[in-house]
Amino acid sequence: MKDEQPGFDLARLLTERGSERYELHTRHLNHQLPRMLHTLGFDKVYERAEGAHFWDAEGNDYLDMLAGFGVMGLGRHHPVVRKALHDVLDASLADLTRFDCQPLPGLLAEKLLAHSPHLDRVFFGNSGTEAVETALKFARYATGRPRILYCDHAFHGLTTGSLSVNGEKGFRDGFAPLLPDTAIALGDLDALRRELKRGDVAGLVVEPVQGKGVHASPPGFLREAQELLHRHKAVLIADEVQTGLGRTGDFYAYQHEEGVEPDLLCVAKALSGGYVPVGATLGKDWIFKRVYSSMDRVLVHSASFGSNAQAMAAGLAVLAVMEQEETVANARRTGDLLRERLAGLVGRYELLHEVRGRGLMIGIEFGRPSSLKLRSRWTMLQAARKGLFAQMVVVPLLQKHRILTQVSGDHLEVIKLIPPLVIGEPEVDRFVTAFTAVMDDAHSGGGLMWDFGRTLVRQAVANR
C-alpha cells in the first residue's frame, strides 16, 4: 500500500520555521526592514494578538496605537469578522467566475453608499492605492482632461499613478517620469484658482486630514474648493483610505465640513477588518456611466480579485460591527479624551509643542526647546537628521512601556496615534502615563533616552 501523502500543515510549519522570521526577511524580502527593526530595538516576536493588544512569547502585553497604519479599525481578530470569513469559506460559493453577478458586492456597495447618499456607484479593488488609481482614471475619462491637482505632503499610494499625486519627495525620487500632475499647498484656494484657469484640470485629490503630520484641511477649504472645481467642470476626489470608516469621529472625514459632497471617494484599510485586502472607489452616477458607456467598455476598468467573496464578507461584517458597537461615536469620544489629556501636557514640557487631530487620528509634535541644555542636544539631533527626537520617544514607549507607535512621516518631529477604534479610557490612561514618563526622562537630560539618541545620530551619519 502506498504511504499517504501528508497535507499542508500550517501549524507545524510555523512551529518549525517561525524562529527564522528575521533571517528569512533578510535573505528573501526587503533586507532593510529587519535592519531597521534591529537598529530601533523593534525586533520583537509577537505570538498572538486580540483587539488593541499583542502578546509576546513570555506573555507580556503590548498596547497597539498604530493599528497596522489604520488597517485594524476594529482591532485584531474581531469575532464577528472571523465568523463571517468562516461562513463564507464554508459556503463554497462560485466566486470570481467573472461572468455572473454575486450578491455580496451589491450588498456591500449598498451599505457603503448609505453613508454617502449623494454617491451612487462603487468599484471594488484590492487596496487603497488601487482605489486612488481608479479615481484618477475615472476623473480623467469623465472630464476629458489630463491633469490632477494634489496637495503638498499628501500620501495617496505608491503605485505609479498614485505616486504621481504623492506630495512626499522621498517616495517620488528615482521613479520619474510620472504623470503630469501638479501640487498646491493644502488650503491654498488662490493656487487652485490659478491652476483651474488653465482649463486642463480633471480634479483635485485631497485627504481631509493628511496622514503625514496629521494636518486637517483648513475650515471651509473643501467646500470652497468643491465650488471652484465644479465651476470649472472638474471633480473633487476625497482620499479617505486612512480617515474613512470612523477614524476621525465621523464616518468619513469630509463630513466634518457641512456642504461637502465629493464626486469620487476612496476607502480601504479598515474596510478589510484586518483580514482580506480591499479597496473601494465610490462615485457619482454620471462618472461611472461615462467610463462604462457601452457593452464594449464593460471591462475597461476591472481587477482580477476585485469583489471577491472573502473581502466582501469581511466588509459587510465590519460595517455591521461598527453600527452595533457604535464605533464612530467611540472614536469621537475616546479621541477627544486622549487629545485633551495630551494637550494638557504641552505647557509642562518645553519639547512638546502641539497636539492636534480629530477622533482617533492624533499628531503629537515636538519642537525646539528654550533651555540651553536641551537646546544643544536638540540641535545635535537636528544636524544629524530631522525626526530623530520623535523616534527617540517612540523607542522607549515600546521598550519600557510596551506601547507600539511610530512617527508620522520621514523627517518629521511628529508621532501619529491611530489606534484601533475600539480602545477606551483604560488604554488612554495607559498611553498618557507612559508618554508622561518618557517626556519626564527626556527633560531630565540624562538616562537611556539620550544615550539612544546618540546611537541614532551615529546611524544617521553612517547612512549618509
Side-chain angles (χ1 to χ4, degrees), residues 36 39-42 65-66 69 151-155 167-171 185-186 207 209-216 242 338-339 341-358 361-401 403-419 431-432 434-461 463-464:
M36 180 268 287
T39 299
L40 297 178
F42 270 47
M65 297 295 282
L66 191 61
F69 295 126
C151 295
D152 291 332
H153 309 301
F155 184 94
E168 173 53 48
K169 184 177 181 294
F171 287 118
L186 181 66
E207 300 158 283
V209 182
Q210 288 188 334
K212 181 171 182 179
V214 193
H215 292 287
Q242 186 167 102
L338 178 55
R339 192 171 58 255
R341 294 274 302 276
L342 291 170
L345 300 175
V346 171
R348 178 173 169 180
Y349 300 111
E350 57 183 296
L351 284 160
L352 179 59
H353 273 210
E354 185 181 13
V355 177
R356 58 178 175 266
R358 287 185 193 150
M361 187 172 183
I362 296 172
I364 304 172
E365 183 166 7
F366 307 99
R368 189 172 184 264
S370 56
S371 63
L372 182 61
K373 183 177 181 180
L374 288 176
R375 194 164 67 242
S376 64
R377 296 184 178 207
W378 174 268
T379 302
M380 172 195 70
L381 292 174
Q382 296 293 297
R385 194 176 195 275
K386 188 176 180 182
L388 287 187
F389 182 80
Q391 197 67 64
M392 280 172 53
V393 175
V394 162
V395 169
L397 280 173
L398 181 68
Q399 297 286 22
K400 294 178 69 174
H401 303 280
I403 298 175
L404 179 63
T405 60
Q406 198 43 266
V407 296
S408 74
D410 204 16
H411 301 287
L412 284 183
E413 297 291 1
V414 181
I415 293 173
K416 180 169 65 176
L417 305 181
I418 46 172
F431 181 81
V432 173
F435 182 75
T436 301
V438 171
M439 294 306 292
D440 283 341
D441 188 35
H443 284 75
S444 72
L448 296 175
M449 186 172 174
W450 289 101
D451 290 341
F452 180 71
R454 284 186 279 273
T455 301
L456 287 180
V457 168
R458 288 193 293 272
Q459 186 69 45
V461 171
N463 284 339
R464 286 178 175 172

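All values derive from a computational prediction rather than experimental measurement.
No side-chain heavy atom of L351 sits under 4.5 Å from any side-chain heavy atom of R377. Looking at H443 and R348, their side chains never come closer than 4.5 Å, going by heavy atoms from C-beta outward. Side-chain contact between W378 and E350 is absent, with no heavy atoms from C-beta onward closer than 4.5 Å. Residues V414 and R356 form a side-chain contact, since some pair of their non-hydrogen atoms from C-beta on lies under 4.5 Å apart. Looking only at side-chain heavy atoms (C-beta outward), H215 and E207 stay at 4.5 Å or farther from each other. Between R375 and L372, some side-chain heavy-atom pair lies under the 4.5 Å cut-off. You'll find the side chain of D152 stays beyond 4.5 Å of the side chain of L186, heavy atoms only. Side-chain atoms of L352 and F366, non-hydrogen and from C-beta on, do get closer than 4.5 Å to each other.
The residue from V355, I362, T405 that alone fulfils the side-chain contact (heavy atoms from CB on, under 4.5 Å) condition with I415 is T405. Across V407, L66, L404, a single residue satisfies side-chain contact (heavy atoms from CB on, under 4.5 Å) together with V394, and that is V407.
Atoms NE2 and CG, on H411 and L388 in that order, are 9.5 Å from each other to the nearest 0.5 Å. Interatomic distance, CG of D410 versus NZ of K386, reported as 11.0 Å (0.5 Å rounding). Taking CD of Q406 as the reference point, atom CG of L397 lies at 10.5 Å (rounded to 0.5 Å). The structure places CG of L412 at 14.5 Å from CZ of F389, a figure rounded to the nearest 0.5 Å. T39 contributes atom OG1, which lies 10.5 Å from atom CD of Q391 (distance to the nearest 0.5 angstrom). For the atom pair CG (L342) and CZ (F431), the distance works out to 6.0 Å, reported to the nearest 0.5 Å.
Counted within 6.0 Å of NE2 on H153, heavy atoms from surrounding residues, nucleotides or ligands total 12 or fewer; the atom is thus considered open.
Among residues two or more places apart in sequence or in another chain, the side-chain hydrogen bond (donor to acceptor under 3.5 Å, both in side chains) test is passed with Q242 by K416. For F171, the ring pair (Phe, Tyr, Trp, His ring centres under 6.0 Å) criterion is met by F155, not counting sequence neighbours.
Judged by distance alone, the side chain of E413 and the main-chain N or O of E365 form no donor-acceptor pair under 3.5 Å.
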